[in-house]
Amino acid sequence: LMGTIVIVRSGSPIVSRDLNQVSAKTAKAVIVLSDTSLNPDESDARSVRTMLSLVGLGDKMGHAVVEMCDVDNRELVELVGQNYVETMVAHDIIGRLMIQCSCLPGLSQVMESMLGFEGSEFYLQCWPE
């Protein structure tokens, strides 16, 4: 992270002024996470409103990945986001992975080695130029 500047902003993802403040219009990628404090339909409705706000900023929008709670609401976000959006339903993916792991012995160990944190460590060292 040497030389990297991280700027944190807070605001509402459905307010255009707040989206402009974080330069959402020029972002290469936007990630919209579901709100776990709301019920699934309310959380997905918030994601749809967020995508409406992002699309309303202008015609040049980066790629957006939206986490949905209910697979039935996926089409709404894809309709609003058109070609710019990709949706994912976490519990649907997890359920499919669990079924695949039960059908294919050894797959769970492969998934654990790919997605787990054991053996994955970063060490930072300053080197003279």
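We use all heavy atoms of the structure for the numbers below, so side chains are in, but hydrogens, waters and symmetry mates are not. In what follows, residues are counted from 1 in the order of the sequence shown.
Residue pairs that meet the side chain to side chain donor-acceptor pair (under 3.5 Å) test with at least one member in residues 26-35, sequence neighbours left out, are S34-E67, D35-S37.
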- Go through the steps to decide whether V66 and M51 satisfy the test side chain to side chain contact (heavy atoms under 4.5 Å, CB included), and finish with yes or no. CA-CA 9 Å; V66 180; M51 281 307 302; 3.8 Å; yes
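You'll find the side chain of M68 reaches within 4.5 Å of the side chain of V77, heavy atoms only. Side-chain contact check for I93 versus L97: some heavy-atom pair is nearer than 4.5 Å. The shortest distance between side-chain heavy atoms of L104 and Q100 falls below 4.5 Å. Annotation: side chain of N73 is in contact with side chain of D70 (closest heavy-atom distance under 4.5 Å).
Under the 4.5 Å side-chain contact rule for hydrophobic residues, V80 and V15 do not share a cluster. Cluster annotation: L19 is connected to V55 through the hydrophobic network of ILVMFWY side chains, with a link wherever side-chain heavy atoms come within less than 4.5 Å. No continuous path of hydrophobic side-chain contacts links V85 to I31 [ILVMFWY only; heavy atoms under 4.5 Å].
Note that the CD1 atom of I94 and the SG atom of C101 stand 11.5 Å from one another [nearest 0.5 Å]. S12 OG to D18 CG: the interatomic distance, rounded to the nearest 0.5 Å, is 6.0 Å. Considering OG of S47 and CG of L52, their distance stands at 11.0 Å, rounded to 0.5 Å.
Taking each heavy atom of I14 and S53 in turn, the nearest pair found is O-OG, 3.1 Å. Nearest heavy atoms, V71 versus V89: CA-CG2, 3.9 Å. Scanning both residues, L54 and V32, for their nearest heavy atoms gives CD1-CG2, 4.4 Å. Heavy atoms only, all atoms of each residue included: H63 and E86 are closest at NE2-OE1, 3.2 Å.
For the pair D44 (side chain) and C69 (backbone), a donor-acceptor distance under 3.5 Å is present.
Listed by chain and residue number, nothing satisfies the salt bridge (Lys or Arg N to Asp or Glu O under 4.0 Å) test with D41 (two or more places apart in sequence, or in another chain). Here R96 pairs with D92 under the salt bridge (Lys or Arg N to Asp or Glu O under 4.0 Å) rule; sequence neighbours left out.
Counting heavy atoms of neighbouring residues, nucleotides and ligands inside a 6.0 Å radius, atom CE of M98 does not exceed 12 of them.
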